[in-house]
Amino acid sequence: MELRPPSYFALAALIDGPLHGYAIVRRAAELSDGRVRLSTGTLYALLDRALAESLVVAGDPYVEAGRQRRDYMLKPAGRLVLAQEAERLARAAKTVSGRLKATADVAVA
Amino acid sequence: MIRERIGRAMLRAYPHEVRAARGEEILGTVLEAGEPSARAFVREGGSIVLAGLRERATFLARVGSRRLIADAFCQAAALWLMWGAVNIVSSELQRPWAASPDVLALIVLLALLVGVLVGYDRIVGVIGLAFIAAVELLTDPQAATRPLTLATLFVPLVCCLVMAFAPRKRSPDPRRLVLLVPAIALVALLPEAVDRGTALLVLVSLLGVLRLPVDPRLAIACGIAWTGVGLSDVTVALSRTDASNGLILTAAASLIMFTIATTRLHYMQHKHQT
């Protein structure tokens, strides 16, 4: 399963432990160096899909600072999908880096 | 507080089921993510409106064609009742109010209309069937065998049957009576020369077309209502040669509404499956 950057970083945000909606948005922005800015609408659409595919599990709702929240936790299937995607990206990066290095002399010449 | 109100209004883009399950949670995230500036709040609010409309389309595609078409028949019943009530009121306005069978019919139509709008589909369906049987068939036992009577009764009968056996599952809410306001405005504002019933159907059909991207049910309901009007006009057309224009208009309108609504429904379900 290939993940798009918003899904990839939203799931990656949960690697270190359960987070609520807005915390996922902030963590995804941190992990992607600010490149992925999840809007609320996109976030909940992604979470819905991840819940339907059993990649994450939702906790019970609770109230904090007057706002209703719910924590989302990564499931083993979610970790596996993330690991596969990270490996695919690393392989793709390695292939391109390798080709760039191999042709660096030719390009300079 | 104002932001919370605006957020709640924007949240209405989501289907009722989603709002009930996680509406408060989504609202909390919108307010938190939109806290830094008005621009951020507008961005977050806009994102939930778009996501909500997309969710509606997906949700309806998941529901399945049968339920959507049954819903459309229930909506068509409301439209048909509104059309009938507007027509009776329009004709009564042109002559002094007097005790006539039309006034009784108007009272029954309005009572059924209020029932279906508030959310009592099954009760309205059963009463509607009983009313049709009592007025049309019991008073004239030969009526059921006449093709013209059956053609006129076809749409109301099917609508009542669908409401009785496959009603929409929604909790009663008297606030839906606000939908009567456009019909009352049409009767009050349009000049006598204009056919108010047709004007109502045209107006609702336009709304149905506008709602197509997220919900094809109203467009299907309009197609059903136009078919009902067309079948009623058959009787008039056969007795008066000058009524054929109305018949062509209603036939064309019902065909167009059905075509665009079913095309959209098919597209939504195809997109959902891929």
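Residue numbers begin at 1 in each chain, while the letters A, B, ... track the order of the sequences. No experiment lies behind these values; they were computed from the predicted model shown.
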Evaluate the side-chain hydrogen bond (donor to acceptor under 3.5 Å, both in side chains) criterion for residues T29(B) and Y44(A): first the C-alpha distance (whole Å), next the side-chain angles of each, then the deciding distance (0.1 Å), finally the verdict.
CA-CA 10 Å; T29(B) 308; Y44(A) 283 98; 2.7 Å; yes
If the contact rule is any heavy atom under 4.5 Å from chain A, which residues of residues 15-24 of chain B qualify, in numerical order?
A21(B), R22(B), E24(B)
Those residues of residues 30-45 of chain B, ordered by number, that approach chain A below 4.5 Å (heavy atom to heavy atom):
V30(B), L31(B), E32(B), A33(B), E35(B), R43(B), E44(B)
Ion pair E4(B)/R8(B), N-O distance below 4.0 Å:
yes
Against chain A, residues from residues 171-179 of chain B with at least one heavy atom under 4.5 Å, in numeric order, are none
Residues in residues 65-87 of chain A that sit under 4.5 Å from chain B, counting heavy atoms only
R67(A), Q68(A), R69(A), R70(A), Y72(A)
Could D121(B) and K169(B) be called an ion pair, given the rule that one side-chain N must be under 4.0 Å from one carboxylate O?
no
Between R27(A) and D16(A), does a side chain to side chain contact (heavy atoms under 4.5 Å, CB included) hold up when you go through it step by step?
CA-CA 10 Å; R27(A) 185 74 182 129; D16(A) 297 317; 2.9 Å; yes
Please determine whether side chain to side chain contact (heavy atoms under 4.5 Å, CB included) holds for the pair Y22(A) and H20(A), giving the CA-CA distance in whole Å, both sets of side-chain angles, and the decisive distance to 0.1 Å.
CA-CA 6 Å; Y22(A) 185 52; H20(A) 61 76; 4.0 Å; yes
For the pair R217(B) and D215(B), evaluate salt bridge (charged side-chain N to carboxylate O under 4.0 Å, His left out) and give the outcome as yes or no after the intermediate values.
CA-CA 6 Å; R217(B) 287 176 297 184; D215(B) 187 350; 3.0 Å; yes
Worked check of side chain to side chain contact (heavy atoms under 4.5 Å, CB included) between T227(B) and F154(B)
CA-CA 10 Å; T227(B) 307; F154(B) 181 71; 5.9 Å; no
Are R168(B) and D71(B) within salt-bridge range, i.e. N to O under 4.0 Å?
no
Would you name the heavy atoms of P167(B) and R122(B) that are closest together and state the gap between them?
CD-NH2, 3.3 Å
With a 4.5 Å heavy-atom cut-off, do W226(B) and V202(B) have their side chains touching?
yes
Could you check if a side-chain atom of W83(B) sits within less than 4.5 angstrom of a side-chain atom of V204(B), using non-hydrogen atoms only?
no
Quick one: closest heavy-atom pair of Q75(B) and A221(B), and the distance?
CB-CB, 3.7 Å
Any donor and acceptor pair, going by atom type alone, linking the side chain of R196(B) with main-chain N or O of V86(B) inside 3.5 Å?
no
S97(A) side chain to A93(A) backbone, donor-acceptor under 3.5 Å:
yes
Please classify the contact between L50(B) and chain A as side chain, backbone, both or neither, with a heavy-atom cut-off of under 4.5 Å.
neither
For residues L47(A) and I24(A), determine if any side-chain heavy atom of one lies less than 4.5 Å from a side-chain heavy atom of the other.
yes
